[in-house]
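Notes follow once the structure below has been shown.
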Protein chains: 2
Amino acid sequence: MSISEIAKHLNVSKSTVSLVINGKAEQGRISQELAKRIMDYVNEIGYKPNALAKSLATGKTHTIGLIVENIGDSFFGPIALHIEEYLRQHGYYVLYSSTLGEEDIARNIVQAMVDKQVEGLILSPTIGQEAQVMQVLKNKMPLVIFDRRIPGVETNYVGTDNYTASKKAVEHLFDSGFSQIGMITIDSQQPQMLDRLRGYHEIIAKRKAKPQLLQLSYTLERPDRIQAIKEFLQNNKQLDALYFSTNYLCVSTLKAIQLLPKAKTYGMLAFDDHELFELLNPKISCIRQPLEDIAKAIVATLIAQIKEPKKSFTDQVIPSDLIIRQSSR
Amino acid sequence: MSISEIAKHLNVSKSTVSLVINGKAEQGRISQELAKRIMDYVNEIGYKPNALAKSLATGKTHTIGLIVENIGDSFFGPIALHIEEYLRQHGYYVLYSSTLGEEDIARNIVQAMVDKQVEGLILSPTIGQEAQVMQVLKNKMPLVIFDRRIPGVETNYVGTDNYTASKKAVEHLFDSGFSQIGMITIDSQQPQMLDRLRGYHEIIAKRKAKPQLLQLSYTLERPDRIQAIKEFLQNNKQLDALYFSTNYLCVSTLKAIQLLPKAKTYGMLAFDDHELFELLNPKISCIRQPLEDIAKAIVATLIAQIKEPKKSFTDQVIPSDLIIRQSSR
DNA sequence: TCTAATTGCAAAACCGGTTTTGCAAAAGAA
DNA sequence: TTCTTTTGCAAAACCGGTTTTGCAATTAGA
């Protein structure tokens, strides 16, 4: 049922129907009786306007694009939930996609969302999206980047201080009495990963220790990852503590440790919390990013920019907490 | 840049531009040279058509609505990822929302997605959506319900056999030597929950045991839930095994057990797997729904219905595996 | 050489709305 | 009573595309 059909049925013009439906009867000088007659019929047949046509006419889609690396992930999933809730409070819907860290998927998705006239974008970018993001910015599309920056591109950004948090984490392991502290990370060139790595190296150097690093390919399947970690542990028996750049690397390592011929306990600390960390024995400490605060900051920044296209960008670094769970040995 | 502006710039009609851009130069009998001239200019300025206008004209949005209970959840998150991947392979985008199990949110979301002309809906419904879903069906919108059925409404459905799986699970606990088997669940009227409960009662009766049930409100915050479970355990010291209708109830219980004044080990078995179950000591068995298979079936069903509006619905019950992790005591 | 068919594109209609403009009839002012 | 406002709504233009139709110019056919 279209507005034209309604108009025809009631023998009025569609402009009249449109005005009445949108509560602009007054301003369109439509008489009360006619307005009532129209509303009655509209309610009777349960008419709902075609949102596409409406968006085309008004230029408003009430939709925000949300692009994360992996919606099934224990970091992005919950953050997506919070973002969605805050956006809903502002009357926006979410068009989402996962990039799986792949450049071409990411680019296609951004393009598709821009084409679909989203009113803003929330993006956790991959490597190689610089040019596209600059293009998006040039077109004045409201945009917030989160979790990782795009080096050399100035945008709104919300994330945590990976470098500082990483330093605190490694310091804590030293302070807990460990001395042979290895780091397990992925060989990604993403800034947040590089920052975490830099923090590790810095403290290792400060304590005059030797860096012991396992860098795994992001594309490695889980079983291969576990195998690689297992070998790393077996070839580096001197290790007494491990620092992980992500929580899932820690989970994989726990699995790898199970597979070791003889059990061994490590001091462990991971970037990003995980439900299981407090349920293990010994518990596992972590750096916890305040997901709700991050989501709130992202949405607030985006809405602000939509309402009033800004001249300058905001760069918000939300501190993470070091959650200390295990006692020093 | 619109297609009209391009046409004006090149002194041609916009119909010509449209035909060329969409590779219909042949069928529109546009000369090669003109087609090339148009394509060159289009590429030069990097024109991308407005997807809204295109959708309005063609009636195709290439968008599917995905409505889950909670995208941050360890069941819905990963399943959403898989659904998204399969849909991408078919050229569809995803508009998603979480209902948080709330009726009015769910209804608004479905309405919004229908208004936005999604080409199909994938829905994990809440209680009270019957009428709306029937309305959606009457409008011939392709639809797949998953995880839980809507009693009395015939639709496409993909889910697991909650009743049978539940029976197998409780049987397994008995067979492992436990005799005082409690069940912890939420007091939801959702069919999948009722089926799980029914399976428990059936086996308990068959073994001539006494049902021992804790039904928690879905709206309970996590700390309160943990507290309630703790009290339940303290008031029912005879319990030696626990069966959980969802994995997060098991996780909450693990937390509650930590808080008990003196440690106790239970036989435990949960509906839905969780990363941590195989990392604990003792490990926790579970019923594992095959997420990828479920996602694949959902998408296949939906695509089939889009391509060829069916007369009849398919009801697919995908068996779950009982993953036995702990050894019998 | 005259008519018929084909070529090449412009123009128009349409998708389903919103918003501005215009105009006849009624009401008010002089 | 005549001119000016105001009222109440229809008509038209627009959003940015797609697709069908129509028509002049060229080519082919006889």
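Quick note on labels: first sequence line is chain A, next is B, and so on, each numbered from 1. Hydrogens, waters and symmetry mates play no part in the numbers below; they use all other heavy atoms, side chains included.
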So H62(B) and Y92(B), would you call those rings parallel, tilted or perpendicular, with 30° and 60° as cut-offs?
tilted
What I'd like to find out is whether the side chain of I109(A) reaches to under 4.5 Å of the side chain of R88(B), using heavy atoms alone.
yes
Does any residue of residues 33-53 of chain B have a heavy atom under 4.0 Å from DNA chain C, and if so, which ones, in number order?
L34(B)
With I64(B) as reference, evaluate L302(B), V118(B), V144(B) under the side-chain contact (heavy atoms from CB on, under 4.5 Å) test and give the passing residue.
L302(B)
With a cut-off of less than 4.0 Å, is there a side-chain N or O of K24(B) near OP1 or OP2 of dT19(D)?
yes
Using a heavy-atom cut-off of 4.0 Å across all strands, would you classify G59(B) as base, sugar-phosphate, or nothing?
nothing
Side-chain donor/acceptor of K14(A) to base of dG17(C), under 3.5 Å
yes
Would you please confirm or rule out a distance under 4.0 Å between OP1 or OP2 of dT18(D) and any side-chain N or O of K54(B)?
yes
Please state how far atom NZ in K8(B) lies from atom C1' in dA11(C), giving the value in whole angstrom units.
15 Å
L291(A) versus I79(A), closest heavy-atom pair with distance:
O-CG1, 3.9 Å
Would you say S31(A) reaches dG8(D)'s phosphate, i.e. side-chain N/O to OP1/OP2 under 4.0 Å?
no
In whole angstroms, the gap separating P of dC9(C) from CG of L10(B) amounts to 12 Å
Within the 4.0 Å heavy-atom criterion, would you say S2(A) contacts the bases, only the backbone, or no part of the nucleic acid?
sugar-phosphate
Select one nucleotide: of dG16(D), dA10(D), dA10(C), the one nearest the side-chain heavy atoms of V12(B).
dA10(C)
Would you kindly give the CD1-to-P distance between I3(A) and dA10(D), to the nearest whole Å?
13 Å
Indicate, with a heavy-atom threshold strictly under 4.0 Å, whether D115(A) touches base, sugar-phosphate, or nothing.
nothing
Rounded to the nearest Å, what distance is computed from the CD1 atom of residue I30(B) to the C1' atom of nucleotide dT21(D)?
14 Å
For M39(B), does the CE atom have more than 12 heavy-atom neighbours from other residues, nucleotides or ligands under 6.0 Å away?
yes
Phosphate oxygens OP1/OP2 of dA10(C): is one of them under 4.0 Å from a side-chain N or O of S13(B)?
yes
Do the side-chain N or O atoms of T16(A) get closer than 4.0 angstrom to the phosphate oxygens (OP1, OP2) of dA10(D)?
yes
How many whole angstroms separate atom CD of Q27(A) from atom C1' of dT6(D)?
17 Å
Thinking salt bridges, do K296(B) and E85(B) make one under a 4.0 Å N-O criterion?
no
Closest listed nucleotide, where the reference is the side chain of L19(A) and the choices are dG22(C), dT19(C), dG16(D)
dT19(C)
Quickly work out the E26(A) CD to dC9(D) C1' distance and round it to whole Å.
15 Å
Should E5(A) and K14(A) be marked as a salt bridge (Lys or Arg N to Asp or Glu O under 4.0 Å) after you check the CA-CA gap, both sets of side-chain angles, and the distance that decides it?
CA-CA 8 Å; E5(A) 295 176 271; K14(A) 61 178 197 166; over 6 Å; no
Using whole Å, what does the distance between atom P of nucleotide dG17(C) and atom CG of N22(A) come to?
10 Å
Does OP1 or OP2 of dC15(C) have a side-chain N or O of T58(B) closer than 4.0 Å?
no
Might you confirm whether atom CD of E154(A) has over 12 heavy atoms from other residues, nucleotides or ligands at distances under 6.0 Å?
no
Counting only side-chain N and O atoms of S15(B), is one of them less than 4.0 Å from OP1 or OP2 of dA11(C)?
no
Integer-rounded Å distance: dT18(C) P and I21(A) CD1:
7 Å
